[in-house]
K.L.:
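The structure under discussion is supplied below as structure tokens; questions concerning it will follow.
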Amino acid sequence: LMPVQPTLTSLRIYQQNINRSNIAQSALLNDISPDDFDIVLLQEPWTQPRLKATLASNRWRVVYPHRFHDHEEKSRSVILVNSRISTDTWFALEIESMDVTGISITTPRGPINIINIYNDQTHGNTLELLNLELNRLRQNWESAGSDGELMILLAGDFNRHHTFWELPSNPQLLTRAHLDA
């Protein structure tokens, strides 16, 4: 007999931009306990140069962007799913971007779609793709005749800078082009 997977009644999520730092990602993995978090959303993760793989321990399952292994470019978005969470309760979303990673997790209230985004500050392509993906999720939800609400959590580094929250020491991020975007 297989043990029964406990019903997922809450999700504890941590999010951080690693800025491609091996030291920052190693420190995070040493400091963060899988007993404290279920999902870790990383933007600009550190990747091993030849393998393109990111750093994780056996207590986390790494979710890369869809078709990750088909691309030469490095991903700027990964999700770590606690290995305590049964793979029968979640799956990776097929989003066509190296900067967007998504999963759908089954909960008692229905599936929750978690989308991790890295938005390049030099263009809006990722945000345009995200809009298409959100419309696709909504259409699939409606065509399936699903009960309840469509639940989506968006998190990440949107690289949208404004004088209200940007440090004065970063004036290069407060140009007219940045503020208009």
Side-chain angles (χ1 to χ4, degrees), residues 5 7-8 10-18 20 25 29 34 37-160:
Q5 171 72 15
T7 303
L8 200 56
S10 67
L11 282 174
R12 297 157 304 156
I13 300 172
Y14 182 87
Q15 181 254 321
Q16 181 175 341
N17 184 316
I18 298 296
R20 298 212 181 275
Q25 191 155 336
L29 290 169
F37 293 97
D38 303 305
I39 307 289
V40 176
L41 307 173
L42 299 179
Q43 299 84 45
E44 295 190 285
W46 179 81
T47 53
Q48 299 172 15
R50 281 185 275 173
L51 301 176
K52 289 195 326 179
T54 194
L55 185 63
S57 74
N58 63 352
R59 298 181 76 184
W60 300 101
R61 290 187 177 94
V62 180
V63 180
Y64 292 100
H66 183 58
R67 300 183 200 262
F68 167 76
H69 298 290
D70 298 339
H71 290 273
E72 288 297 317
E73 64 190 287
K74 291 182 180 179
S75 169
R76 293 187 281 189
S77 168
V78 297
I79 298 175
L80 305 180
V81 178
N82 195 312
S83 59
R84 262 191 347 254
I85 299 174
S86 171
T87 54
D88 292 343
T89 63
W90 65 272
F91 62 90
L93 297 174
E94 296 181 0
I95 302 170
E96 298 293 334
S97 172
M98 291 298 285
D99 292 337
V100 181
T101 311
I103 60 173
S104 183
I105 300 179
T106 303
T107 72
R109 293 186 60 199
I112 298 176
N113 300 284
I114 300 172
I115 301 176
N116 184 31
I117 298 125
Y118 176 83
N119 184 53
D120 190 315
Q121 62 185 340
T122 64
H123 58 75
N125 299 350
T126 303
L127 296 179
E128 290 172 20
L129 175 106
L130 181 59
N131 188 42
L132 293 173
E133 181 61 24
L134 293 174
N135 284 329
R136 187 184 68 78
L137 285 171
R138 183 186 48 77
Q139 289 169 353
N140 289 346
W141 181 259
E142 290 171 355
S143 68
S146 302
D147 293 333
E149 294 180 59
L150 174 60
M151 293 185 280
I152 300 172
L153 171 71
L154 301 176
D157 183 348
F158 290 87
N159 272 316
R160 292 301 187 232

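All of these numbers come straight from a predicted model, not from anything done at the bench.
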K.L.:
Before you tell me yes or no, could you show the steps for Arg59 and Arg84 under side-chain contact (heavy atoms from CB on, under 4.5 Å), namely the whole-Å CA-CA distance, both residues' side-chain angles and the distance that decides it to 0.1 Å?
P.N.:
CA-CA 8 Å; Arg59 298 181 76 184; Arg84 262 191 347 254; 5.8 Å; no
K.L.:
Any donor-acceptor pair under 3.5 Å linking the side-chain atoms of Ser77 with those of Asn116?
P.N.:
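Indeed, the side chains of Asn116 and Ser77 share at least one donor-acceptor pair under 3.5 Å.
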K.L.:
With side chains defined as the heavy atoms from C-beta onward, is the minimum distance between Leu11 and Leu153 less than 4.5 Å?
P.N.:
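Result no, sub-4.5 Å side-chain heavy-atom pair not found.
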K.L.:
Is the side chain of Ser104 donor-acceptor paired with the backbone N or O of Phe91 at a distance under 3.5 Å, no angle test?
P.N.:
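Flag not set: sc Ser104 to bb Phe91 has no pair under 3.5 Å.
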K.L.:
Please answer whether the main-chain N or O of Thr54 pairs with a side-chain N or O of Tyr64 as donor and acceptor at a distance below 3.5 Å.
P.N.:
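Checked: pair present.
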K.L.:
Should the heavy atoms of other residues, nucleotides or ligands under 6.0 Å from CZ of Arg136 be counted, would the total exceed 12?
P.N.:
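Yes - once you tally the heavy atoms of other residues, nucleotides and ligands closer than 6.0 Å, there are more than 12.
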K.L.:
Do you know which two heavy atoms are closest between Met98 and Pro65, and how far apart they sit?
P.N.:
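That would be O-CG, 3.6 Å.
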K.L.:
Asn58 and Ser83: which non-hydrogen atoms are nearest, and at how many Å?
P.N.:
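Shortest heavy-atom contact: O-OG, 3.6 Å.
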K.L.:
Looking only at heavy atoms, which two atoms of Glu44 and Asn17 are closest? And how far apart?
P.N.:
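What the structure gives for the nearest pair is OE1-ND2, 3.0 Å.
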K.L.:
Do Asp99 and Asn119 touch side chain to side chain, with heavy atoms closer than 4.5 Å?
P.N.:
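In short, these two side chains do not touch, never coming nearer than 4.5 Å.
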K.L.:
Restricting to non-hydrogen atoms, name the atom on Thr47 and the atom on Lys52 that form the minimum distance, rounded to 0.1 Å.
P.N.:
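Looks like CG2-O, 3.5 Å.
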K.L.:
Looking at Gln48, I want to see if its CD is surrounded by more than 12 non-hydrogen atoms of other residues, nucleotides or ligands under 6.0 Å.
P.N.:
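Check passes, neighbour count above 12.
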K.L.:
If the threshold is 4.0 Å, N to carboxylate O, is there a salt bridge linking Asp120 and Arg76?
P.N.:
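Salt bridge flag = yes for Arg76 with Asp120.
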K.L.:
Under the side-chain contact (heavy atoms from CB on, under 4.5 Å) rule, what do Leu130 and Leu154 come out as? Steps first, then yes or no, please.
P.N.:
CA-CA 10 Å; Leu130 181 59; Leu154 301 176; 4.0 Å; yes
K.L.:
When you measure from the side chain of Asn113 to the backbone of Gly102, do you find a donor-acceptor pair of N or O atoms at a distance under 3.5 Å?
P.N.:
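No; zero donor-acceptor contacts below 3.5 Å.
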K.L.:
Could I get the full list of side-chain hydrogen bond (donor to acceptor under 3.5 Å, both in side chains) partners for Arg12, not counting sequence neighbours?
P.N.:
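Partners of Arg12 by the side-chain hydrogen bond (donor to acceptor under 3.5 Å, both in side chains) criterion, ordered by chain and then number, come out as Asp38.
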K.L.:
Just verifying a value: how many Å separate Leu41 CG and Gln43 CD, rounded to the nearest 0.5 Å?
P.N.:
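CD of Gln43 is found 7.0 Å from CG of Leu41.
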K.L.:
Is there a side-chain contact between Val81 and Trp90 in this structure, where contact means two heavy atoms from C-beta onward sitting under 4.5 Å apart?
P.N.:
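When only atoms from C-beta onward are counted, Trp90 and Val81 do touch, with a gap below 4.5 Å.
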K.L.:
Is a donor on one side and an acceptor on the other found under 3.5 Å between the side chain of Arg61 and the backbone of Ile79?
P.N.:
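Such a contact is absent between Arg61 side chain and Ile79 backbone.
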K.L.:
Would you mind reporting whether Glu96 and Glu133 have side-chain heavy atoms less than 4.5 Å apart?
P.N.:
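No. Closest side-chain heavy atoms not under 4.5 Å.
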K.L.:
So do the side chains of Leu150 and Ile152 get within less than 4.5 Å of each other, counting heavy atoms only?
P.N.:
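The answer is yes; the side chains approach within 4.5 Å.
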K.L.:
My understanding is that only residues two or more places apart in sequence, or in another chain, count here; which of them pass side chain to side chain contact (heavy atoms under 4.5 Å, CB included) with Asn135?
P.N.:
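So Asn135 forms a side chain to side chain contact (heavy atoms under 4.5 Å, CB included) with Asn131, Arg138.
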K.L.:
Within a strict 4.5 Å, meaning less than it, do heavy atoms of the Ile103 and Ile39 side chains meet?
P.N.:
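Yes - at least one pair of side-chain heavy atoms lies under 4.5 Å apart.
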K.L.:
Check side chain to side chain contact (heavy atoms under 4.5 Å, CB included) between Thr106 and all other residues, then give those that pass, not counting sequence neighbours.
P.N.:
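Checked Thr106 against side chain to side chain contact (heavy atoms under 4.5 Å, CB included); zero matches.
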K.L.:
May I ask you to test the Leu29-Leu55 pair for a side-chain heavy-atom distance under 4.5 Å?
P.N.:
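When only atoms from C-beta onward are counted, Leu55 and Leu29 do touch, with a gap below 4.5 Å.
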K.L.:
For Val62 and Leu80, which heavy atoms make the closest approach, and how far apart are they?
P.N.:
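Residues Val62 and Leu80, closest heavy atoms: CG2-CD2, 3.6 Å.
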K.L.:
Side chains of Gln16 and Gln25: do they bring a donor and an acceptor to under 3.5 Å?
P.N.:
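Distance-only check fails for Gln16 and Gln25.
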K.L.:
Run the numbers on Asn125 and Leu127 for side-chain contact (heavy atoms from CB on, under 4.5 Å), then give the verdict.
P.N.:
CA-CA 6 Å; Asn125 299 350; Leu127 296 179; over 6 Å; no
K.L.:
Taking C-beta and beyond as the side chain, do Ile117 and Asp157 meet within less than 4.5 Å on heavy atoms?
P.N.:
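No; the side chains remain at least 4.5 Å from each other.
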K.L.:
Which heavy atom of Met151 sits nearest a heavy atom of Thr107, and at what distance?
P.N.:
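Scanning both residues, the minimum pair turns out to be CE-OG1, 4.4 Å.
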